[in-house]
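Structure record follows, encoded as structure tokens.
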Amino acid sequence: MEAHILVVEDEEKLARFIELELVHEGYTVDKATDGRVALDMAINNVYDLILLDIMLPGLNGLEVLRRLNKEQPTPVILLTARDAVMDKVSGLDAGAVDYITKPFAIEELLARIRVALKLHGRISVNTGLTEDDSITEQSLKEEGIYRWKELTLDVRKHEVKYAGHGITLTNREFIMLETLLENQDIVLSRDTLLEKVCGYEYIGETNVIDVYVRYLRSKIDEVFDVKMIQTVRGVGYVIRTEEPAI
Ligand code: CA
């Protein structure tokens, strides 16, 4: 049985877009554009998951979430405006299982939906695990999705985005970035990276790695004004969870 999802979003174009993508993935979808209507639908139907926008006419998303929790324990993923930190905090406090910031890459939303259904779906077994961020991150990794700040790398789709903006990488740049993201907080030597990026057979200068780092920095760090790939002198490179203060 395919999961039944309620999409609550008052921006009609976005709602329609999400609906099409979800139907394409095989989900059954209902839509609501008003908070009050959404709450009624959520109470009177059994949904596997609800995607809930916060700024809504009728009743705001957080209020819908609070009232719904008293009636039905349906997993909710909040759709929040960019940088609305308070919304995220209150949303998670109010019982949302996850949130995604607009604008988002549809692949990331689909991955989060799969993860939420896996962790919180009615059919899934209780694993006894604590449902915290690290589990979400772990499950995203299992889906082949790596994140760093607003960067998303999707292995299966061979796609990299920063805050929804597509980034074009060559195959080797992609593998390099994937390797660094897969090993976040672990310093990788040029040799290790070389093996990954160019293969065991590669005979040549290890400084090709420095060249790829330069390419990646020019396509990501410089464009989005971040310090993603850090150089560890005499050792190699690392992407740390925490961006350096400098
Ligand atoms: Ca809205």
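All ligand and atom numbering here is 1-based and tracks the order in the structure. These numbers come from the heavy atoms of this one structure, side chains and all, not from hydrogens, waters or symmetry mates. Throughout, numbering of the chain's residues begins at 1 and tracks the sequence.
Atom OH of Tyr215 has 12 or fewer neighbouring heavy atoms from other residues, nucleotides or ligands inside a 6.0 Å radius. The environment of CG in Asn44 is crowded: more than 12 heavy-atom neighbours from other residues, nucleotides or ligands sit within 6.0 Å.
The set of protein atoms (N, O or S) found at less than 3.0 Å from the Ca ion (ligand 1) reads Asp10 OD1, Asp53 OD2, Met55 O, by chain and number.
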Would you be so kind as to tabulate the donor-acceptor pairs closer than 3.5 Å made by side chains of residues 179-186, with sequence neighbours excluded?
residue, atom, partner, partner atom, Å
Thr179, OG1, Ile175, O, 2.6
Asn183, ND2, Thr179, O, 2.7
Gln184, NE2, Arg147, O, 3.0
Asp185, OD1, Thr241, N, 2.9
Asp185, OD1, Thr241, OG1, 3.2
Asp185, OD2, Thr241, OG1, 2.3

Q: Take Asp210 and Tyr237 through the side chain to side chain donor-acceptor pair (under 3.5 Å) test and state the conclusion after the steps.
A: CA-CA 9 Å; Asp210 305 305; Tyr237 295 100; 2.4 Å; yes
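Among residues at least two apart or in separate chains, ring-ring contact (aromatic ring centres under 6.0 Å, His included) pairs with a member in residues 171-196 are His158-Phe174. Counting only residues at least two apart or in different chains, salt bridge (charged side-chain N to carboxylate O under 4.0 Å, His left out) contacts with residues 30-39 comprise Glu19-Lys31.
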